[in-house]
Protein chains: 2
Amino acid sequence: MRPTVHDIAAAAGVSLATVDRVLNQRPGVRHVTRAKVETAIRELGYIRDVAAANLAKGRTYPLVFILPASDNSFMHGLNAEIRQAVLRSPAERTDIRIIEVPAFDPAALVAVLEGLSRERPCGIAMVATDAPEVRAVVDKLVRERFPIVTLVSDLTGSLRHHYAGVDNIAAGRTAARLLGRFLGPRKGEIAVLAGSMLVRDHRERLEGFASVMAAEFPDLAVLPVLEGRDDPEVAHRLVADALGNAGIVGVYSLGAGNRGLIRALKEKAVDRTLTVIAHELTAYTRAALIDNTIDAILNQDAGHEVRSAIRILKAKADGLAVIDAQERIRLDIFVKDNLP
Amino acid sequence: MRPTVHDIAAAAGVSLATVDRVLNQRPGVRHVTRAKVETAIRELGYIRDVAAANLAKGRTYPLVFILPASDNSFMHGLNAEIRQAVLRSPAERTDIRIIEVPAFDPAALVAVLEGLSRERPCGIAMVATDAPEVRAVVDKLVRERFPIVTLVSDLTGSLRHHYAGVDNIAAGRTAARLLGRFLGPRKGEIAVLAGSMLVRDHRERLEGFASVMAAEFPDLAVLPVLEGRDDPEVAHRLVADALGNAGIVGVYSLGAGNRGLIRALKEKAVDRTLTVIAHELTAYTRAALIDNTIDAILNQDAGHEVRSAIRILKAKADGLAVIDAQERIRLDIFVKDNLP
DNA sequence: CCAAATTTGATGTACGTAAATCAAAAAATC
DNA sequence: GATTTTTTGATTTACGTACATCAAATTTGG
């Protein structure tokens with residue numbers, strides 16, 4: 001049987017009340033007594049029964065998710081996964097609120113974060129916009145002991161406790177490797193379609209992609225990035241235009257707006273053997289993978305990201321450890337044979 | 001606030017004791033009364049607080065993991081992950097026991113399962129050996145209300161509640177697709193190294209591999225399977241011999257014993273451009289991926305499989321639902337750029 | 001209608017922890 | 001040494017559920 005507070009009290013030769021004072025860092029305990037209790041805790045290997053404690057406290061975990069108000073499949077999916085988590089709230093003792101902020105707007109994000117400082121949720125998960133002022137508020141909140149995890153898009157250099165998302169540089173590198181290997185001995189040019197180079201994850205994917213391309217596939221030339229603003233219409237136009245260039249042998253789509261990409265490919269490239277790699281598994285990209293318009297899809301599992309963020313925020317709020325391997329967000333690679 | 005047993009009692013106009021009798025299926029309640037209580041439960045949307053219930057019951061979950069006594073990296077890793085879970089037992093209220101049985105020995109497995117029928121653990125996770133007599137005991141145990149999940153290797157056609165492992169047919173198909181695409185226009189022969197065709201997961205991988213190869217890559221001929229018995233020495237000999245055939249352009253290693261494969265490749269194929277795809281990420285395959293001896297690794301995450309099996313067995317024991325998406329075991333694809 | 005059997009209610013204890021109260025003891029201050 | 005302050009102990013209640021006991025009410029059988 002694992003030891004209880006009673007065992008600690010007996011071992012330390014103090015009363016239950018004193019043990020409680022030490023455990024919950026209440027005042028009114030001398031240093032020597034505190035030390036005695038802490039020794040007993042260590043020696044008996046006491047671990048607080050979190051379930052019993054939460055029951056006694058009637059504790060819930062008020063969590064806030066901050067998302068950009070972007071109208072693309074991925075953000076919709078992420079939103080849906082959070083709402084799924086809300087349905088599980090009773091069992092998980094969570095109390096989840098979603099706040100949408102204008103996309104690419106650091107000031108708005110900062111304002112929301114400042115507001116939360118007063119509201120005192122027990123954890124914050126946010127899709128970070130990469131800007132110095134955001135970093136500053138995040139660091140301030142972390143110093144005020146708010147657990148914060150970044151979601152999907154990280155805020156490097158900040159004090160955030162954890163990043164629940166994929167390694168985007170590795171994703172770009174992987175895309176380059178697959179594209180390069182799929183193309184084999186062919187020479188030619190590669191079109192890259194991104195959302196915006198102002199978004200950190202897109203920049204990182206491109207960075208990883210370009211570096212592997214340059215180093216390992218010198219026969220393939222990466223063309224200047226097409227910025228489709230994650231909009232299917234814009235993407236369609238840009239790709240359709242680009243495909244006028246007969247030297248293009250491959251396409252890497254590292255952002256959203258794949259619906260436009262797919263349409264352009266079907267119109268313009270029926271007779272050509274383009275190799276195409278895209279990000280994010282949606283109904284559209286899935287269909288395109290099956291009908292061979294796309295050759296591979298790189299994906300991050302939004303459900304895993306949300307569940308992981310919740311687990312981590314709860315653990316941080318309780319000062320508990322997490323299982324690192326469980327919280328690593330993988331880069332899923334799909335070809336038509338391993339679709340879920 | 002979510003409703004409690006008290007609310008149910010009040011709503012149904014009965015006492016707490018009666019609600020308790022209904023909830024825990026104790027005798028001594030008339031049909032009409034039972035129906036009243038059940039209606040109240042439904043209408044208030046009552047969900048039992050599992051944490052509080054477990055606290056009151058002093059409940060633990062005695063779980064049994066049955067593994068083959070195979071001496072390969074994957075099984076060692078699986079074993080290690082279970083021991084990690086044992087370390088978390090206090091917090092998770094589990095009580096995990098590992099039983100090793102001789103590999104490929106249905107009779108031994110059946111004997112162990114029969115024994116468990118008396119011991120009454122609240123859940124069983126097993127690496128299944130695919131044999132009719134095993135299926136029969138598993139079905140018998142399921143009918144006796146034991147939660148059972150198969151781990152890594154499934155027992156299709158049985159009544160097991162869940163399979164915590166990858167889709168091996170899809171894995172084989174994926175390997176074929178990657179190999180075929182990596183080889184591009186090259187023609188030649190493909191060597192396949194397996195452990196044993198008596199093991200279901202190996203048979204399935206081969207089946208998936210061969211079908212995609214035949215259907216989509218007619219220029220690549222799959223050679224007869226080399227059965228390396230998951231033994232590095234045997235694998236080394238077989239592969240070294242096979243590489244005498246200059247027509248071989250690719251290798252698919254779908255089992256264990258990759259240490260032998262890698263050694264043979266480094267000795268015999270320095271001057272050749274073989275494309276190699278192997279299963280299971282270990283220290284050896286990882287190194288080989290990095291030094292370009294292997295081109296891609298397909299992997300199943302043993303840690304995820306173990307944690308998933310535990311979650312599912314606990315949920316089944318409590319009659320709770322699971323999050324399906326969370327329990328899907330993915331086929332991880334690693335190239336040198338997305339190694340964890 | 002009475003006795004026996006069944007069903008229901010009332011109540012208490014327990015699980016491990018949190019949190020509060022009040023009294024008692026010890027330490028610090030003058 | 002008396003007084004104030006700080007520290008500690010003892011005890012109680014609560015969280016939501018499980019489970020046991022005993023009494024009371026209701027139903028059933030004869």
Side-chain angles (χ1 to χ4, degrees), chain A residues 1-41 44-61 89-93 95 122 317-320, chain B residues 1-41 44-61 89-93 95 122 317-320:
Chain A
M1 282 306 248
R2 52 196 281 206
T4 73
V5 276
H6 294 84
D7 301 322
I8 302 301
V14 300
S15 76
L16 224 58
T18 302
V19 175
D20 182 67
R21 286 177 187 119
V22 173
L23 278 176
N24 296 293
Q25 15 219 12
R26 271 184 264 279
V29 184
R30 262 191 311 168
H31 297 92
V32 270
T33 320
R34 187 177 296 277
K36 266 198 303 186
V37 174
E38 276 161 356
T39 305
I41 288 175
L44 296 191
Y46 169 82
I47 323 154
R48 169 203 252 109
D49 182 331
V50 182
N54 284 348
L55 178 61
K57 278 192 285 208
R59 177 180 188 131
T60 57
Y61 299 84
S89 275
E92 297 179 344
R93 310 188 84 95
D95 177 12
C122 86
D318 291 334
L320 298 177
Chain B
M1 281 305 251
R2 53 194 278 205
T4 73
V5 277
H6 294 84
D7 301 320
I8 303 300
V14 301
S15 76
L16 224 60
T18 301
V19 174
D20 181 68
R21 287 178 187 117
V22 173
L23 278 175
N24 296 293
Q25 17 219 13
R26 271 185 263 279
V29 185
R30 264 188 310 165
H31 296 91
V32 271
T33 321
R34 186 178 298 275
K36 268 198 300 186
V37 174
E38 277 161 356
T39 305
I41 289 175
L44 295 191
Y46 169 81
I47 322 153
R48 171 201 254 109
D49 182 331
V50 182
N54 284 347
L55 178 60
K57 280 193 285 210
R59 181 187 180 118
T60 57
Y61 299 84
S89 276
E92 298 179 345
R93 309 188 85 94
D95 176 13
C122 85
D318 291 334
L320 298 177

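The basis for the numbers below is simple: all heavy atoms, side chains too, and nothing from hydrogens, waters or symmetry mates. A, B, ... follow the sequence lines: proteins, then strands. Residue 1 opens every chain.
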Next item on the list: Answer yes or no: is there a donor N or O on one side and an acceptor on the other, between the side chain of B:Asp7 and the main chain of B:Thr4, under 3.5 Å?
Entry: yes
Next item on the list: Without swapping roles, check the side chain of A:Arg2 against the backbone of A:Ile47 for a donor-acceptor pair under 3.5 Å.
Entry: yes
Item checked: Closest non-hydrogen atom pair, A:Pro3 against A:Tyr46 -> O-CD1, 3.3 Å
Nearest-angstrom distance from the residue atom [atom1] of [X] to [atom2] of [N]:
X        : N      : atom1 : atom2 : answer
B:His31  : C:dT7  : NE2   : P     : 9 Å
B:His6   : C:dG9  : NE2   : P     : 14 Å
B:Asn24  : D:dG16 : CG    : P     : 17 Å
A:Asp318 : C:dA18 : CG    : P     : 10 Å
B:Leu16  : D:dC19 : CG    : P     : 14 Å
A:Arg93  : C:dA18 : CZ    : P     : 13 Å

Checklist line | Of A:Ser15 and B:Arg2, the one whose closest DNA chain D nucleotide lies more 5' | finding: A:Ser15
Check: Along nucleotides 20-30 of chain D, 5' to 3', which nucleotides get a B, which get an S, and which get a -, given that the test is a protein heavy-atom distance under 4.0 Å?
Finding: -B-----S---
Notebook entry, point to check: For B:Val50, which contact category applies under a 4.0 Å heavy-atom criterion: base, sugar-phosphate, or nothing?
Noted result: nothing
Next item on the list: Tell me whether the OP1 or OP2 atom of D:dG16 has a side-chain N or O from B:Thr4 closer than 4.0 Å.
Entry: no
Notebook entry, point to check: Do any of residues 52-60 of chain A sit with a heavy atom less than 4.0 Å from DNA chain C, and if so which?
Noted result: A:Ala52, A:Ala53, A:Ala56, A:Lys57
Item checked: Ion pair B:Arg59/B:Asp318, N-O distance below 4.0 Å -> yes
